[in-house]
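Okay, so here's the structure we're looking at.
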Number of protein chains: 2
Amino acid sequence: MKIIVTAEARLPKNYALVRDMVHEHGTGRHLTAADVHSFAKQRQPRIGYSTVYRALNRLARLGLVSEVLVPGADVTYYESVAGPHAHFRCAACGRIDDLDYRLPKAAVARIAREHGFEIGDVLVNFTGRCASCREPAGG
Amino acid sequence: MKIIVTAEARLPKNYALVRDMVHEHGTGRHLTAADVHSFAKQRQPRIGYSTVYRALNRLARLGLVSEVLVPGADVTYYESVAGPHAHFRCAACGRIDDLDYRLPKAAVARIAREHGFEIGDVLVNFTGRCASCREPAGG
DNA sequence: GGTGAATCTGAAAACTACTATCACTTTCGA
DNA sequence: TCGAAAGTGATAGTAGTTTTCAGATTCACC
């Protein structure tokens, strides 16, 4: 039985390019697959959508980029890997912000124990209106 | 200026039917629009998808049913309105469970204050494997 | 009741994000 | 160098949801 030590070792050139695009543009920002594709095209004009999607899927599976699944937004966003955090989505302008918040470990452990779950991911999402969108209309 | 007091007052017949279907079948369960449609058809065989979708959208906007937006599941679920709670989605079998958990109010208030957000919804989602799906494969 | 405007309706087409297919090319290990 | 395995881009396909459209229904007002 072989153990793959570095997932990077066998990463195809285009996949590495995609990873770089996410790391360069996606720190604190949230890129759609289309965004990533258009960034990637600046360096590799012939790269296709399919390759970008395939790359993002694999990179996410390998833990080299983070998928950001935002309920209510009907696209998947990508960002560089970071510690666990929450997301805020402004219902008015659609922008998504990172928040430095995570659920208390004890709470997660309790839920897992009580229900017999094995909990992998914990997603915390806030929806509302961001500071800029609140101003004009008042409350 | 007129103020609409009861949102129910002007609810079209089919929309009320859809609401009833969700309330009858969707307490503690999670119905897709297709589920709702097929339940509704048992009472109103000529009702179409469009009407069900339109009804669900409006009912959700009016707060008469709850949309369950589960990241990773690519459908929207609906359930009757209930107090705030979290959802667990089993990545293996796809089932979705209600959990009696909500974020500490103080935490939400702090985030809103710090960022200037007006926070409406708070969504907490756990993903992992449910008790039944853990058994066969072990860990 | 009667009337006209606004709303609702269902079938079907359109939309959108994403995935699968296909034939071709590239990569990699031996 | 060779052959198998993996990657590639164009294109077609998929699925959930939304839009369109012409006809039916409802409602406020008389």
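Sequence lines set the chain letters: A, B, ... in the order given, protein chains first and strands last, and positions in each chain run from 1.
B/Tyr15 has its OH atom 16 Å from the C1' atom of D/dC27, to the nearest Å. In this entry the distance linking CG of B/Leu17 with P of C/dG10 reads 10 Å, nearest Å. Rounded to an integer number of Å, the gap from CD1 of B/Ile47 to P of C/dA11 is 10 Å. Between the CG atom of A/Leu11 and the C1' atom of D/dA6 there is a distance of 13 Å, rounded to whole Å. Per the geometry, CD belonging to A/Gln44 stands 16 Å off C1' belonging to D/dA10, to the nearest Å. For the pair B/His37 NE2 and D/dT17 P, the interatomic distance rounds to 13 Å; values are reported in whole Å.
Picking from C/dT27, C/dT9, D/dG7 the nucleotide with the shortest atom distance to the side chain of A/Arg58 gives D/dG7.
Put simply, the side chain of A/Arg134 gets close to the backbone of B/Gly116: a donor and an acceptor are under 3.5 Å apart. At least one donor-acceptor pair under 3.5 Å links the side chain of B/Asp35 to the backbone N or O of B/Thr32. Here the side chain of B/His87 pairs no donor or acceptor atom with the backbone of B/Leu123 at under 3.5 angstrom.
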Verdict with supporting geometry, A/Phe126 and B/Phe117, ring-ring contact (aromatic ring centres under 6.0 Å, His included): CA-CA 10 Å; A/Phe126 301 92; B/Phe117 296 152; 8.3 Å; no

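To the nearest 0.5 Å, atoms NE2 (A/His85) and CG (A/Asp98) are separated by 3.5 Å.
Applying the 4.0 Å criterion to OP1 and OP2 of D/dG7, one finds that A/Asn14 has every side-chain N and O outside that range. Checking the phosphate oxygens (OP1, OP2) of D/dT26, a side-chain nitrogen or oxygen of B/Lys13 falls inside 4.0 Å.
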Classify every nucleotide of nucleotides 13-20 of chain C by which part a protein heavy atom approaches to under 4.0 Å, writing B for the base, S for the sugar-phosphate alone and - for neither, in 5'-to-3' order. ----SBBB

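In this structure, A/Tyr77 and A/His30 have perpendicular ring planes: the angle between them is above 60°, well past the 30° mark.
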